[in-house]
Amino acid sequence: MKILVCISHVPDTTSKINFTDGDTKFDTNGVQFVINPNDEFGLTRAMWFKEKQGASVDVVNVGGPETEPTLRKALAIGADTAIRVNAEAKDGYQVAKELAKVVKDGGYDLVIAGRESIDYNGAMVPGMLAEMVDANFVTNCISLEVDGTNAKAVREIDGGKESVSTTLPLVIGGQKGLVEESDLRIPNMRGIMMARKKPLNVVEPNGASTETGTVKFEKPAPKGEVTLVAPDNLDELVNLLHNEAKVI
Amino acid sequence: MSILVYTESENGTFKKAAFEVASYAKAVADQMGTSVTAVAVNVNDTSELGKYGVDKVLNVSNDGLAKFNAKSYASVLSQAAKQEGSKVVVLSQSADSKYLAPLLSVSLDAGYASNVVAAPTSTSPFTVKRTAFTNKAFNFTTIDTDIKIVGVSNNSFGLVENSASASSEDFSPEITSSGVTVESVDKVTDKVTIADAEIVVSAGRGLKGPENWGMVEELADVLGAATACSKPVSDLGWRPHSEHVGQTGKPVASNLYIAIGISGAIQHLAGINASKVKVVINTDPEAPFFKAADYGVVGDAFEVVPQLIEKLKAFKAANA
Ligand SMILES: Cc1cc2nc3c(=O)[nH]c(=O)nc-3n(C[C@H](O)[C@H](O)[C@H](O)COP(=O)(O)OP(=O)(O)OC[C@H]3O[C@@H](n4cnc5c(N)ncnc54)[C@H](O)[C@@H]3O)c2cc1C
Ligand SMILES: Nc1ncnc2c1ncn2[C@@H]1O[C@H](COP(=O)(O)O)[C@@H](O)[C@H]1O
């Protein structure tokens with residue numbers, strides 16, 4: 001089985017979010033970038049397929065040279081080859097279109113992407129990609145088993161979960177549950193050394209267009225002071241929630 | 001030309017989100033000088049949609065659609081959009097709608113904006129306000145394609161009533177087969193889900209152990225709320241993963257979010273900040289949650305929560 005794991009390169013979850021160029025661009029100054037958490041769960045599940053079922057695992061990112069340390073980290077965790085499509089990621093459609101070419105050229109059976117990226121929160125790329133390459137698609141995936149060309153997956157739904165059966169080729173949008181937090185791997189020294197020698201292939205984009213554009217970013221209005229209520233005066237809290245906030 | 005809206009249902013009745021997306025579609029239709037057409041799948045009585053501005057309902061009744069299937073449902077919507085010549089398709093951000101939207105986007109060659117929280121700021125260029133960076137910012141996005149898909153976040157636009165009535169006609173699309181078969185659905189039906197809830201009661205590591213969740217559930221019961229938890233609580237196995245909210249868990253956009261024994265780490269706040277009113281109960285006045293909350297009680301959850309339950313019961317009895 002040939003597996004491709006899509007890696008988006010996102011600001012660390014503690015990052016302060018700021019913008020530059022008249023609030024049209026994300027300010028990367030002083031921001032630490034990481035593998036998108038949903039993709040890290042997917043990559044770790046892919047490692048399981050590699051170790052237990054002899055799958056090959058490549059990782060891919062659509063982005064500029066600045067994303068290479070993130071791809072190297074994925075190699076250090078155990079991926080075989082990294083591919084960087086040398087184009088600035090502009091919207092979900094353009095990224096999916098670029099990834100579709102990688103998937104077709106590489107003849108991948110299983111594509112593991114994340115449910116959503118924590119920067120743009122589009123939840124677009126995996127579904128669009130599946131549709132473009134005519135693969136089956138399961139998102140919010142919290143469990144995945146593959147046997148030959150058959151796959152069983154569990155999808156989280158509002159208020160529960162759903163078990164599905166499907167076949168390869170398959171694209172999934174993964175999240176926590178695919179593996180647990182405790183299964184995540186911190187690259188060790190040997191992994192990091194090996195990653196330096198592993199191939200990181202830069203491929204030129206096919207120049208996919210976008211369907212959406214950013215006009216500007218805006219930060220939420222600063223929050224007013226909290227209204228404190230004494231613990232022995234909870235009638236007041238009920239009163240405030242009813243008469244002032246009007247939520248009960 | 002009409003605005004097409006997908007009005008989701010469950011067991012033959014509309015979800016609340018259906019009325020919210022209908023209200024949104026009506027606002028877009030008014031801006032663009034057109035009407036609203038809804039697609040309803042296996043719904044017994046669609047008349048209520050008129051109240052939220054829908055002019056016409058396309059009624060789909062088909063056993064092949066009894067269980068939600070993203071591919072088949074996307075195809076139904078795609079056929080409806082083509083029949084109606086719709087240039088804008090509106091849907092919710094439920095797990096199901098988020099699943100089908102990217103498929104629909106490719107099949108209609110339509111640009112898609114997710115997590116939209118307000119009516120378009122302009123219809124030419126078509127510009128919407130969406131959240132990004134997990135609620136740490138807003139992004140004004142243009143959709144540049146001929147057909148546009150707008151995913152409206154739950155509880156962001158609200159319900160807007162209109163005094164119209166909707167006509168209804170049968171719609172019999174071709175049902176596309178899907179390579180994904182639903183084998184079984186495991187769903188708690190007697191509890192409010194985090195996605196649908198107007199009130200969410202959430203607790204963190206401050207509760208010390210899973211045996212102390214009785215009072216959280218009771219508080220949720222009194223309020224008709226969903227229960228949620230912080231990430232360590234689900235990592236420790238005190239509560240199911242499905243209750244984990246925050247940046248890497250489920251997003252919360254309720255009207256009221258009550259946080260008990262939760263410190264208010266940036267990753268937690270990012271995922272719940274879209275909630276309109278936040279209440280924190282915490283022993284530590286320095287807990288970061290107090291900076292994000294509207295109302296706060298500095299106190300011990302084990303004393304405050306049981307009392308709050310009693311007060312709320314009394315309030316409900318008085319207001320019943
Ligand atoms: C990559 C990444 C992603 C993450 N994603 C998420 C996420 O999605 N969601 C999330 O929640 N976290 C997330 N976290 C974890 C986050 O950083 C915090 O560690 C976590 O939110 C803390 O949970 P907590 O508030 O329950 O526990 P703690 O931080 O331990 O806080 C417990 C609080 O309870 C209070 N307390 C103690 N006793 C009582 C009492 N008797 N009565 C009242 N209050 C009491 C304490 O004062 C304290 O403020 C993430 C972390 C990382 C690194
Ligand atoms: N620039 C990118 N390069 C590679 N994969 C990506 C990129 N952007 C998004 N993805 C994948 O698509 C998933 C969902 O992203 P999004 O649609 O942006 O929310 C991510 O978790 C990644 O797996």
Side-chain angles (χ1 to χ4, degrees), chain A residues 11 13-14 17 19 37-38 92-93 118-124 126-128 130-132 136-140 142 156-167 176-177 181 210-220 223 226-229 231 234-235 237-238 240-242 245 247-248, chain B residues 70 94-95 98-99 102-103 105-107 111-115 127 131-134 136-145 179-188 193 195-196 223 235 241-242 247-248 255-256 266-267 277 290 292-299 303-304 307-308 311-312 315:
Chain A
T13 55
T14 55
I17 303 297
F19 302 100
N38 290 318
Y93 175 80
I118 63 166
D119 53 357
Y120 201 68
N121 306 115
M124 289 182 193
M128 288 181 172
E131 196 68 5
M132 288 170 184
N136 290 319
F137 175 53
V138 178
T139 196
N140 290 18
I142 52 172
E156 196 169 80
I157 57 176
D158 293 334
K161 52 195 175 184
E162 179 180 277
S163 303
V164 303
S165 60
T166 182
T167 52
K176 186 168 96 170
E181 198 87 15
T210 58
E211 292 186 335
T212 58
T214 288
V215 182
K216 66 170 171 139
F217 291 98
E218 192 179 277
K219 293 221 266 180
K223 180 111 208 82
V226 61
T227 303
L228 288 179
V229 177
L234 294 174
D235 281 321
L237 181 61
V238 174
L240 287 168
L241 292 178
H242 180 60
V247 287
I248 60 169
Chain B
S94 68
K98 275 194 148 172
Y99 188 3
L103 305 181
S105 161
V106 172
S107 81
Y112 165 45
S114 55
N115 302 320
T127 312
T131 56
F133 296 96
T134 323
K136 290 178 197 164
F138 297 107
N139 180 356
F140 290 85
T141 302
T142 57
I143 309 179
D144 309 325
T145 43
V180 178
T181 310
V182 178
E183 301 288 350
S184 65
V185 179
D186 176 3
K187 199 166 173 173
V188 189
T193 66
D196 294 336
L223 289 166
D235 287 345
H241 282 316
S242 54
Q247 185 156 24
T248 53
N255 288 334
L256 173 61
I266 190 165
Q267 299 96 346
V277 176
F290 284 100
D294 302 278
Y295 302 101
V297 180
V298 179
E303 285 161 24
V304 174
Q307 283 187 51
L308 184 59
K311 305 278 185 206
L312 284 166
F315 166 78

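All chains are named by letter (A, B, ...) in the order of the sequence lines, taking the proteins before the strands, and each is independently numbered beginning at 1. All values reported here derive from a predicted model rather than from experimental measurement.
- A heavy-atom distance below 4.5 Å is found between the side chains of Glu156(A) and Ser242(B).
- Options Thr227(A), Thr139(A), Thr14(A) differ in how many heavy-atom pairs under 4.5 Å they form with chain B, and the most are formed by Thr227(A).
- To the nearest 0.5 Å, the span separating OG1 on Thr141(B) from OH on Tyr120(A) amounts to 3.5 Å.
- Between Val180(B) and Val138(A) there is a side-chain heavy-atom pair separated by less than 4.5 Å.
- In this structure, the portion of Asn115(B) lying under 4.5 Å from any heavy atom of chain A is its side chain and not its backbone.
- Heavy-atom pairs under 4.5 Å with chain B peak, among Ile142(A), Leu237(A), Asn38(A), at Leu237(A).
- Chain A forms more heavy-atom pairs under 4.5 Å with one residue of Thr248(B), Thr145(B), Val182(B) than with any other, namely Val182(B).
- Distance OG/Ser107(B) to CE/Met128(A): 11.0 Å, rounded to 0.5 Å.
- Of the two parts of Asp235(A), the backbone and the side chain both hold a non-hydrogen atom closer than 4.5 Å to a non-hydrogen atom of chain B.
- Residues Ala123(A) and Pro102(B) approach most closely at O-CG, 3.8 Å, considering heavy atoms.
- Between chain A and the residues Thr134(B), Leu256(B), Asn255(B), the most heavy-atom pairs under 4.5 angstrom are made by Thr134(B).
- Taking 4.5 Å as the limit, every side-chain heavy atom of Ile266(B) sits out of range of all side-chain heavy atoms of Thr13(A).
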Go through the steps for Tyr99(B) and Phe137(A) under the test side-chain contact (heavy atoms from CB on, under 4.5 Å), then give the verdict. CA-CA 9 Å; Tyr99(B) 188 3; Phe137(A) 175 53; 3.4 Å; yes
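- In this structure, the portion of Lys223(A) lying under 4.5 Å from any heavy atom of chain B is its side chain and not its backbone.
- With chain A as partner, the option from Leu308(B), Thr193(B), Val185(B), Val106(B) having the largest number of non-hydrogen pairs under 4.5 angstrom is Val106(B).
- Thr127(B) has its side chain out of reach of Lys216(A): every pair of non-hydrogen atoms, C-beta onward, lies at least 4.5 Å apart.
- For Tyr295(B), the parts sitting under 4.5 Å from any heavy atom of chain A are the backbone and the side chain alike.
- The candidate with the highest count of non-hydrogen atom pairs below 4.5 Å against chain B, out of Gly92(A), Pro220(A), Pro11(A), is Pro220(A).
- Heavy atoms closer than 4.5 Å to chain B are found in the side chain of Glu181(A), but not in its backbone.
- Interface summary for chain B: among Ile157(A), Leu228(A), Asn140(A), the most heavy-atom pairs under 4.5 angstrom belong to Leu228(A).
- Counting only heavy atoms from C-beta outward, the side chains of Glu211(A) and Ile143(B) never approach each other to under 4.5 Å.
- Residues passing the side-chain contact (heavy atoms from CB on, under 4.5 Å) test with Thr181(B), sequence neighbours excluded: Ser165(A), Glu183(B).
- Here the NE2 atom belonging to His242(A) is positioned 4.0 Å from the CZ atom belonging to Phe315(B), to the nearest 0.5 angstrom.
- With rounding to the nearest 0.5 angstrom, the CG atom of Leu241(A) is 9.5 Å from the CG atom of Asp294(B).
- At a 4.5 Å heavy-atom cutoff, the contact between Ala293(B) and chain A is made by backbone and side-chain atoms alike.
- Between chain A and the residues Gly111(B), Gly299(B), Gly179(B), Ala137(B), the most heavy-atom pairs under 4.5 angstrom are made by Gly179(B).
- Put simply, CD1 on Ile118(A) and NZ on Lys136(B) are 6.5 Å apart, with the number rounded to the nearest 0.5 Å.
- If you measure heavy-atom distances from Val238(A) to chain B, the contacts under 4.5 Å come from the side chain alone.
- Salt bridge status for Asp235(B) with Lys176(A): present, with a side-chain N to carboxylate O gap under 4.0 Å.
- Interatomic distance, Asn121(A) CG to Phe133(B) CZ, rounded to the nearest 0.5 Å: 8.5 Å.
- For the set Asp158(A), Ile248(A), Asn136(A), the entry with the most heavy-atom pairs within less than 4.5 Å of chain B is Asp158(A).
- The salt bridge (Lys or Arg N to Asp or Glu O under 4.0 Å) test applied to Asp186(B) returns no partner, not counting sequence neighbours.
- Per-residue counts of heavy-atom pairs under 4.5 Å with chain A were compared for Thr142(B), Val297(B), Asp196(B); the largest is that of Thr142(B).
- The candidate with the highest count of non-hydrogen atom pairs below 4.5 Å against chain B, out of Pro231(A), Gly159(A), Ser163(A), is Ser163(A).
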